[in-house]
Trainee: 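To start, I am sharing the structure in question, which I have written as structure tokens.
Keep in mind that this is a model prediction, so the values were computed, not measured.
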Amino acid sequence: MLPVPDKHFGNYEIREDREWGEKLTYVTDILKDKKGKTLGYAVEGIGEVSIVEAVKLANEGKIDNVTVVKNKNGNVFLRTKKNTTRDDNLA
């Protein structure tokens, strides 16, 4: 049997900082006020955190499904990592 070539898997990221079988951590919800302004995020296994704390965790590689981005105004926020499905996008 021949090994499956890497190109079969598409884009992927090799994480050297993880142990085999270690549980992944995801942002599961966005916390917003009545006007729709983002106040923070719900992080699986951690709970509700502020935007600043969520960005810090993401930068440290402690949240697996998001990346930190900066908009044209210089505001920093989280965005789900690029993939082929829209079902897991933060809204």
Side-chain angles (χ1 to χ4, degrees):
M1 180 180 281
L2 296 174
V4 177
D6 284 345
K7 68 179 183 179
H8 172 77
F9 297 102
N11 294 332
Y12 60 92
E13 178 181 346
I14 297 174
R15 298 276 308 263
E16 300 293 337
D17 61 335
R18 291 284 188 181
E19 296 293 325
W20 178 256
E22 187 176 343
K23 187 173 180 349
L24 298 177
T25 302
Y26 295 114
V27 168
T28 57
D29 201 4
I30 299 176
L31 310 174
K32 296 184 177 188
D33 65 13
K34 292 179 182 180
K35 294 181 180 179
K37 180 180 178 190
T38 300
L39 302 174
Y41 300 91
V43 181
E44 184 179 37
I46 296 173
E48 295 179 354
V49 297
S50 68
I51 296 170
V52 172
E53 183 65 18
V55 167
K56 180 179 177 243
L57 291 167
N59 278 331
E60 294 172 351
K62 295 181 179 176
I63 303 176
D64 298 291
N65 67 327
V66 296
T67 187
V68 179
V69 295
K70 189 182 289 188
N71 67 14
K72 63 183 174 185
N73 297 327
N75 298 322
V76 178
F77 61 98
L78 300 182
R79 178 176 286 160
T80 51
K81 291 184 177 177
K82 187 176 181 180
N83 58 28
T84 57
T85 182
R86 300 181 110 185
D87 295 338
D88 62 355
N89 290 349
L90 300 174

Trainee: Would a distance-only check, ignoring hydrogens and angles, find a side-chain to backbone donor-acceptor pair under 3.5 Å from D64 to T25?
Mentor: yes

Trainee: Got a second to check how far D29's CG is from E44's CD, nearest 0.5 Å?
Mentor: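 The CG atom of D29 sits 12.5 Å away from the CD atom of E44.
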
Trainee: If you count heavy atoms of other groups shown closer than 6.0 angstrom to CD of E48, is the number above 12?
Mentor: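 No, CD of E48 has 12 or fewer neighbouring heavy atoms, counting only those of other groups under 6.0 Å.
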
Trainee: Linking I/L/V/M/F/W/Y whenever any side-chain heavy atoms sit under 4.5 Å apart, do V76 and L78 land together?
Mentor: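 Yes.
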
Trainee: Can you measure from NZ (K62) to CD1 (I46) and round to the nearest 0.5 angstrom?
Mentor: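 K62 atom NZ to I46 atom CD1 measures 8.0 Å (nearest 0.5 Å).
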
Trainee: Applying the 4.5 Å side-chain criterion to the ILVMFWY set and letting contacts propagate, would L31 and Y41 be lumped into a single cluster?
Mentor: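 Different clusters: L31 never reaches Y41 through Ile, Leu, Val, Met, Phe, Trp or Tyr contacts under 4.5 Å.
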
Trainee: Going from OG1 on T38 to CD1 on I30, what distance comes out if it is rounded to the nearest 0.5 angstrom?
Mentor: 5.0 Å

Trainee: Please determine whether residues V66 and L39 belong to a single hydrophobic cluster, defined as Ile, Leu, Val, Met, Phe, Trp and Tyr linked transitively by side-chain heavy-atom distances below 4.5 Å.
Mentor: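 Not linked; separate clusters.
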
Trainee: Spell out, as yes or no, whether a donor-acceptor pair under 3.5 Å connects the side chain of N71 to the backbone of N73.
Mentor: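 Between the backbone of N73 and the side chain of N71 there is a qualifying donor-acceptor contact (under 3.5 Å).
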
Trainee: Going by side-chain contact (heavy atoms from CB on, under 4.5 Å), V68 matches just one of N59, I63, L57. Which one?
Mentor: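 The residue from N59, I63, L57 that satisfies side-chain contact (heavy atoms from CB on, under 4.5 Å) with V68 turns out to be N59.
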
